[in-house]
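To keep things clear, I will list the structure first and then write my remarks on it.
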Amino acid sequence: GRESHRKEEIKQYFRSFLWSLIFTTPVFLTSMVFMYIPGIKHGLDTKVVNMLTIGEVIRWVLSTPVQFIIGRRFYTGSYKALRHGSANMDVLIALGTNAAYSYSVYTVIRAASSPNFAGTDFFETSAMLISFILLGKYLEVLAKGKTSEAIAKLMNLAPETAILLSLDEEGNVISEEEIDSRLIQKNDIIKIIPGAKVASDGFVLWGQSHINESMITREARPMAKRKGDTVIGGTVNENGVLHIKATKVGSESALAQIVRLVESAQMAKAPVQKLADRISKYFVPLVIVLSFSTWLAWFLAGKLHGYPESWIPSSMDSFELALQFGISVMVIACPCALGLATPTAVMVGTGVGASLGVLIKGGQALEGAHKVNCIVFDKTGTLTVGKPVVVNTRLLKNMVLHEFYELVAATEVNSEHPLAKAIIEYAKKFREDEENPAWPEARDFLSITGHGVKAIVRNKEVIVGNKSLMLENNIVIPVDAQDMLTETESMAQTGILVSIDGEVTGVLAISDPVKPGAQEVISILKSMNVRSIMVTGDNWGTASSVASQIGIETVVAEAKPEQKAEKVKELQAEGYAVAMVGDGINDSPALVAADVGMAIGAGTDIAIEAADIVLMKSNLEDVITAIHLSRKTFSRIRLNYIWALGYNILGIPIAAGALFPSIGFRLPPWIAGAAMAASSVSVVCCSLLLKNYERPKKLENLEIGGIQIE
């Protein structure tokens, strides 16, 4: 709907411009060109009544529709603005063109009623002015349309149709039919064939395949999908057939949420925009005063013979010359370029971000990100992969590894802890039925939060957990186990003790590997004068060893979610502009407290409300892209402001006739109008150049992919 509205607007401006061109061209020719062609000049100078000539009548008849029918939008625009107690560019255009038109009508009436009145009309000024402004407006809406292409591209990801399956009670397919993908309901079963787009968010019920999710997450490598895995609507199925169950449809889908995010980002005003609004508010009345003063100064100078009569062009008198200067000032000073400076750059910047997998929620987030000089990183899932794996097992008693893991997995299978899941995944490797192994039964299961678990398996008491859990249960920790624990912590790993029937039997080392390229990202941030800090809920040993591995000097460990937010506020009190980078769940208090919250690897859970910037991939390099892009966008906004303001500061004196006494240079109103239109178009084009944005060169050498953990 919005797309067709935009096309309609472009068409409308183009039509208006064409019509005004049809009427204005003969007006321009009769006043500026035909006056120098003897035969035609004689025809145009033929008198109709008294001193009224055919040329004047033609110009009057042709410029009237341009002034009142084609130029009607300027009257309605200024009426609405004045009714709300403000003045905008429409007010200036309406005043400028009406001054020229009214004076011309006055000269026509005088010429018709007086046998010896010699005056010149300015019909071409008002008509050409309106034509040029409409041309400027047309080019502007054309360029503005280009800024919102990002949304259109996202919308096109959704497939048109889907294959709906009907299943019987045993889950066998009875029939399939092709339906419009907008008709998919929650819990429908959809078939996805190789090469087709996934029709909605859901999870795999049957089949296995690889899915290319780069259009949503920007993750280049196709992701393996099998039963139980989630899929995102709009992604492309590569090689196998999948049956999926739809979970989120319509406006709930990840794609719809991304589109909403990008849309609201492009509508949100940047605080710097308020500056432009404030300037415009006082600017228009100031321009009206300036143009009136210009007219008055030149008019009085002419009446009091303040300048030689040779300065006055042969076709005018001193009043007309003064009027031309006044109108030129009013027209050239339109603040429309100022109004375009910020929104166009924000639109292009957020659009470019979206195409790079960095969703920036509007002008405020952009403005905040360009000032950032300190970043607080969460550890698990942000600096590390967030998928713990067992890397080492040491048995202290004579026992078969396979049996040892049977007991440990049976104890851990009821725990929700990520470390428990890592142990179970590792234990599956010792089983034949790797997919869904049946572990021995565990009785009297007890989970001690923050410490570990215990249960009775095969009549043996099994306790799996940390040192304090063993000591609480009066289990002696042998020296070997103690040494291994110290060793694992120094290697940024977590040590877990296993006791069977009151004796420590084994030690497991679990590691959450650091993301590839984390070290380089931290050093690039350092070179951008951005300080990096790590805040984590993990123990000191593991935290400081991860930090030293990647080059972070300041570490806060064993921090609860609210302590993370306190640390952010502390840094802000020291005068830092703080960004918080976290994976969203326990980091939301800190994401909200920071000047800019960045949620990383949000993938489908796009509605992380707390974050200002959502990094779709789990890549740390996108933190740099986000800061670099916002700095680039902001420098573009500054450039736009310098251009728009500088243009007015230079243009107003020239239009007011500052150069006329010395070199005889004068800016006729229609040229002033063309110049004003050009300034708006150039500001939009300057913003559009952001489309060529490239990430910092250092990142190109840093091709970080995701990590595959075997």
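In this structure, the side chain of Asp595 does not engage the main chain of Ala579 through any donor-acceptor pair within 3.5 Å. Formation of a donor-acceptor pair under 3.5 Å by the Asp444 side chain with backbone atoms of Ile456 is not found in this model.
Checked by atom type, the side-chain pair Asn239/Ser209 shows a donor-acceptor distance below 3.5 Å. Using a 3.5 Å distance cut-off with no hydrogens or angles, the side chains of Lys225 and Asn237 do not pair a donor with an acceptor.
Taking Phe404 as the reference, nothing meets the ring-ring contact (aromatic ring centres under 6.0 Å, His included) condition, with sequence neighbours excluded.
Aromatic ring orientation, Tyr693 versus His628: tilted (interplanar angle from 30° to 60°). Using the six-membered ring where Trp is involved, Trp206 and His243 have ring planes that are tilted, between 30° and 60° apart.
Ion pairing of Lys564 with Asp378 is present here, as a side-chain N (NZ or NE/NH1/NH2) and a carboxylate O approach within less than 4.0 Å. Salt bridge Glu553/Lys526: present, at least one basic N to carboxylate O contact under 4.0 Å. Taking the charged nitrogens against the carboxylate oxygens, Lys567 and Glu570 do have a contact shorter than 4.0 Å, which makes a salt bridge.
For residues 391-412, the salt bridge (Lys or Arg N to Asp or Glu O under 4.0 Å) pairs, not counting sequence neighbours, are Lys397-Glu503, Glu406-Arg431, Glu406-Arg458.
Of the options Glu238, His210, Glu213, a side-chain contact (heavy atoms from CB on, under 4.5 Å) to Met223 is made by Glu213 and by none of the others.
To the nearest 0.5 angstrom, Ser630 atom OG is 6.0 Å from Ile613 atom CD1. Atom CD1 of Ile496 is separated from atom OG1 of Thr494 by 7.0 Å, given to the nearest 0.5 angstrom. Expressed to the nearest 0.5 Å, how far CG of Asp612 lies from CD1 of Ile360 amounts to 10.5 Å.
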Please list every donor-acceptor pair under 3.5 Å in which a side-chain atom of residues 543-551 meets a protein atom from a residue at least two apart or in another chain.
from, atom 1, to, atom 2, distance (Å)
Ser544, OG, Trp540, O, 2.7
Ser544, OG, Gly541, O, 3.3
Ser545, OG, Ala492, N, 2.9
Ser548, OG, Ser544, O, 3.3
Ser548, OG, Ser545, O, 3.0

